[in-house]
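Reviewing the structure listed below.
Given the structure is predicted, the values throughout are model-derived calculations rather than measurements. We count ligands from 1, going down the list as the structure has it; atoms in each ligand are counted the same way.
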Amino acid sequence: MAPKIIVLGSTGYIGSATVKTLAQQKANITAGVRDPSKAQELVNAGAKVIKADMGLKQTELASILANYDHLYVVTPGHIDRTNLTLNAIKAAKQANIKYILVVSIPPADNLNILFGRQFTPIEKELKSSGLTYGLLRLPMFVDNIWGNAEAIKTQNTFYGPIDGSKKFVTVAVQDAALAAAVILQNPTNHANKTYTLTSDFSSSDEQAQFYTQALGRTIKYVSGGYEATKQALLKFMPEWQVDGILELYKLVENQDASQTTFTNDFKKITGQEPTTHAKWMQQFSKAF
Ligand SMILES: NC(=O)c1ccc[n+]([C@@H]2O[C@H](COP(=O)([O-])OP(=O)(O)OC[C@H]3O[C@@H](n4cnc5c(N)ncnc54)[C@H](OP(=O)(O)O)[C@@H]3O)[C@@H](O)[C@H]2O)c1
């Protein structure tokens, strides 16, 4: 029988793409969301939707999780994400979940940055939980270019804080979703593995060339520096998160291994070629 899978944190980029991929593949998939009325899209995709908040009391969350075999915890982009995710891991343990997959980041061990300090305890708890687990370390998303869609449409330009020549790894959300869907349906070969999913390794200047080819008009990258990027990002997210993202860009600038190590993990898991920036922009060209 197909395993019963639940995804917590299902309405964001990663969670919704994973739930939709699993629904397309006819898996037995339930999306656990805080507010089911905001999850109609997941119902339309063919998933069951239930109310399940990572912030529930551990025993309450455990009684929900006890109905499932495999769990995906999409660590939320929330200031308290360490405690929310630790709570979900402990509840999974209490519920005797057979396999748990958790979202992390490549610099999860780097205590010099905020995101590292948030993810170190998560990875530690998971590894010592006694649960059969998997970690998906995700670098910056290829899809973050959505944040520059208006600038590309109106100015043929996208912006960032760093020098355009610095290369860094990125992952396409659809690749992260496909890899998670494969693992969650049959985790046998993935027990206690930490994967770093990468779809591309390119500089912003190279990405500008890919976008130019895909869109058939010249697209430029402009480095606006850290302060201008901070002000732009503050329109979309809280300051702690903006500062955390800028720390990641500093790692890129310093060519830290967490931002420059391209892995074959996506292909190993799925057997498919990853979605490069070039492929991604061809796919979504109409929106740009
Ligand atoms: N953008 C990037 O480049 C990038 C790169 C690597 C990693 N990440 C990280 O990857 C993770 C997933 O990213 P994402 O963009 O898909 O999702 P997201 O929007 O940051 O958050 C995922 C889910 O977290 C849940 N959530 C938020 N606050 C919560 C709370 N107080 N209690 C319980 N659940 C809460 C929401 O679930 P419901 O509303 O469904 O309950 C949301 O769907 C995040 O931690 C993000 O920071 C991002």
Side-chain angles (χ1 to χ4, degrees), residues 6-21 29-43 45 47-58 60-61 64 71-89 91 101-108 110 113-119 122-123 135-148 160-161 168-177 179-180 195-200 229 233 236-238 240-249 251-252 258-259 277 280:
I6 181 163
V7 177
L8 291 181
S10 294
T11 58
Y13 276 114
I14 295 293
S16 67
T18 306
V19 167
K20 287 178 195 166
T21 304
I29 173 66
T30 300
V33 302
R34 285 170 299 162
D35 181 356
S37 72
K38 292 192 183 146
Q40 192 54 42
E41 209 184 307
L42 302 178
V43 175
K48 293 180 270 287
V49 172
I50 62 158
K51 189 170 162 58
D53 190 322
M54 291 184 217
L56 279 176
K57 274 202 191 122
Q58 192 186 309
E60 280 176 53
L61 186 55
I64 297 171
L71 164 66
Y72 188 19
V73 181
V74 181
T75 306
H78 185 279
I79 191 160
D80 201 24
R81 63 176 155 200
T82 309
N83 285 326
L84 288 167
T85 308
L86 292 182
N87 187 50
I89 294 168
L101 185 64
V102 177
V103 167
S104 184
I105 53 166
N110 185 344
I113 61 167
L114 170 67
F115 291 172
R117 292 190 292 277
Q118 288 179 329
F119 279 96
I122 293 173
E123 291 205 352
L135 275 164
L136 285 186
R137 288 179 161 193
L138 306 179
M140 286 192 267
F141 301 161
V142 172
D143 310 55
N144 289 347
I145 195 65
W146 283 122
N148 271 279
F168 55 103
V169 287
T170 42
V171 66
V173 168
Q174 58 193 296
D175 290 354
Y195 293 115
T196 302
L197 298 179
T198 54
S199 305
D200 204 337
T229 304
L233 289 177
F236 303 102
M237 52 187 90
W240 70 269
Q241 201 166 16
V242 173
D243 289 341
I245 290 168
L246 294 180
E247 284 182 330
L248 294 182
Y249 277 111
L251 295 181
V252 172
S258 66
Q259 308 301 318
H277 285 267
W280 189 98

Please test Leu251 against Phe168 for side chain to side chain contact (heavy atoms under 4.5 Å, CB included), starting from the C-alpha separation and ending with a verdict. CA-CA 9 Å; Leu251 295 181; Phe168 55 103; over 6 Å; no

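Closer than 4.0 angstrom to ligand 1 sit non-hydrogen atoms from Gly9, Ser10, Thr11, Gly12, Tyr13, Ile14, Val33, Arg34, Asp53, Met54, Val74, Thr75, Pro76, Gly77, His78, Arg81, Leu84, Val103, Ile105, Leu138, Pro139, Met140, Phe141, Asn144.
Distance check: Asp53 CG to Glu60 CD gives 10.0 Å after rounding to the nearest 0.5 Å.
Because its NZ or CZ atom is not both nearer than 6.0 Å to the ring centre of Phe119 and within 45° of the ring axis, Arg81 does not count as a cation-pi partner of that residue.
Shortest non-hydrogen contact noted between Ile14 and Thr18 is O-OG1, 2.6 Å.
Scored by the salt bridge (Lys or Arg N to Asp or Glu O under 4.0 Å) test, Arg137 finds Asp109, Glu123 as partners (sequence neighbours excluded).
Around the CD atom of Gln58, the shell of radius 6.0 Å holds more than 12 heavy atoms that belong to other residues, nucleotides or ligands.
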